[in-house]
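In what follows, a structure is listed as structure tokens, so that the remarks can point back to it.
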Amino acid sequence: MKSEDEELVKSRKIRMAKYVLEDFEEGNQKIKKVGFFTIGLGLLYLATSTLFKPDNYWAAFYTLGTGGLLLYLNERTNWKKGNQVEIGLISFALLPVLEFFFIGSPEKLIPGLGETRNYKIISSLTLLNDLTPLIYHFLKLTFVYPFVIMLFKKIELNRLPESLKMEIGWKN
């Protein structure tokens, strides 16, 4: 009876450790999604800069470069080794801050929207358009979310006993 309980506890611990490892590895896919979303955001700002003439080219190119860098590093980096997750977290948390101080805040997506007399029809669009610089910076700051999740999962995996790490295939 006692050995059955021990086996049950051991299998539960292994299963829980595998779930944590799966969550860590899902972070890799989330980083990829964030990279593509960042490129999409950069293309949106590039398109509106071309069509409506706000001066958002620097923000667009910076965002496109950030997204490309994120995708490139995600393919080339082994997030399990060393302190790669911590470096990624700090780097991609600093990039929006540096952008804000050196490039500045982007302009509205569509300048001139809401400057007509027909406020009832476009009032919600006008408000959304006025908030686009804030939304832009908020989105850029939330891009570190996968790194935060991966960091906590990595800490949790590193706290496991060595036998359990070997059982699930975690090598740090």
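From a predicted model like this one, the values you see are computed outputs, not experimental measurements. Throughout, residue positions are numbered sequentially from 1 according to the sequence presented. These values consider heavy atoms only, across backbone and side chains, with no hydrogens, waters or symmetry-generated copies.
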>> Same cluster or not: Phe143 versus Ile135, using hydrophobic residues (I, L, V, M, F, W, Y) connected whenever any side-chain heavy atoms lie under 4.5 Å apart?
In response: yes

> With the 4.5 Å side-chain cut-off for hydrophobic clustering, are Trp170 and Ile155 part of the same group?
Replying inline: yes

> Does any pair with a residue in residues 55-89 pass ring pair (Phe, Tyr, Trp, His ring centres under 6.0 Å), and if so which ones, sequence neighbours excluded?
Replying inline: Trp79-Phe147

> What distance do Lys10 atom NZ and Lys13 atom NZ have between them, rounded to the nearest 0.5 Å?
Replying inline: 10.5 Å

>> Test: side-chain hydrogen bond (donor to acceptor under 3.5 Å, both in side chains). Region: residues 95-107. Which pairs qualify, not counting sequence neighbours?
In response: Glu99-Tyr136, Glu99-Lys140, Ser105-His137

> Say you draw a straight line from OG of Ser11 to CD of Glu167; how long is it, rounded to the nearest 0.5 Å?
Replying inline: 10.5 Å

>> Rounded at 0.5 Å granularity, tell me how far CG in Leu43 sits from OG in Ser49.
In response: 11.5 Å

>> Applying side-chain contact (heavy atoms from CB on, under 4.5 Å), can you list everything that pairs with Leu51, at least two apart in sequence or on another chain?
In response: none

>> Is any side-chain heavy atom of Lys165 closer than 4.5 Å to one of Glu162?
In response: yes

>> Would you say Leu127 ends up clustered with Leu139 if hydrophobic residues are merged whenever their side chains have heavy atoms under 4.5 Å apart, either directly or through other cluster members?
In response: yes

> Rounded to the nearest 0.5 Å, how far apart are CG of Asp130 and CD1 of Ile110?
Replying inline: 11.0 Å

> Measuring from Leu46:CG to Thr50:OG1, what's the distance to the nearest 0.5 Å?
Replying inline: 4.5 Å

>> Any non-hydrogen side-chain atom of Arg12 less than 4.5 Å from a side-chain atom of Arg15?
In response: yes

Anything under 3.5 Å between a donor and an acceptor, one on a side chain of residues 83-97, the other on a protein residue two or more places apart or in another chain? List them.
residue	atom	partner	partner atom	Å
Ser91	OG	Ile87	O	2.7

> Please walk me through it: do Leu109 and Phe52 pass side-chain contact (heavy atoms from CB on, under 4.5 Å)?
Replying inline: CA-CA 8 Å; Leu109 279 179; Phe52 302 113; over 6 Å; no

Donor-acceptor pairs under 3.5 angstrom involving side-chain atoms of residues 17-40: please list them, not counting sequence neighbours.
residue	atom	partner	partner atom	Å
Glu25	OE2	Lys80	NZ	3.4
Asn28	OD1	Asn74	ND2	3.1
Thr38	OG1	Val34	O	2.6

> Got Leu160 and Ile168 here, is their nearest side-chain heavy-atom distance under 4.5 Å?
Replying inline: yes

> Charged N to carboxylate O under 4.0 angstrom, Glu156 versus Arg159?
Replying inline: no

> Between NZ of Lys53 and CG of Asp55, what distance do you get to the nearest 0.5 Å?
Replying inline: 11.0 Å

>> Could you see if Met150 belongs to whatever hydrophobic cluster contains Leu73? Use Ile, Leu, Val, Met, Phe, Trp, Tyr and a side-chain cutoff under 4.5 Å.
In response: yes

> Can Val144 be reached from Leu98 by stepping across I, L, V, M, F, W or Y side chains whose heavy atoms are under 4.5 Å apart?
Replying inline: yes

> What closest approach, in Å, do Ala59 and Ile103 show between heavy atoms, and which atom pair accounts for it?
Replying inline: N-CG2, 4.2 Å

>> My understanding is that only residues two or more places apart in sequence, or in another chain, count here; which of them pass side chain to side chain donor-acceptor pair (under 3.5 Å) with Asn78?
In response: none

> Is the shortest heavy-atom distance from the side chain of Leu41 to the side chain of Leu64 under 4.5 Å?
Replying inline: no

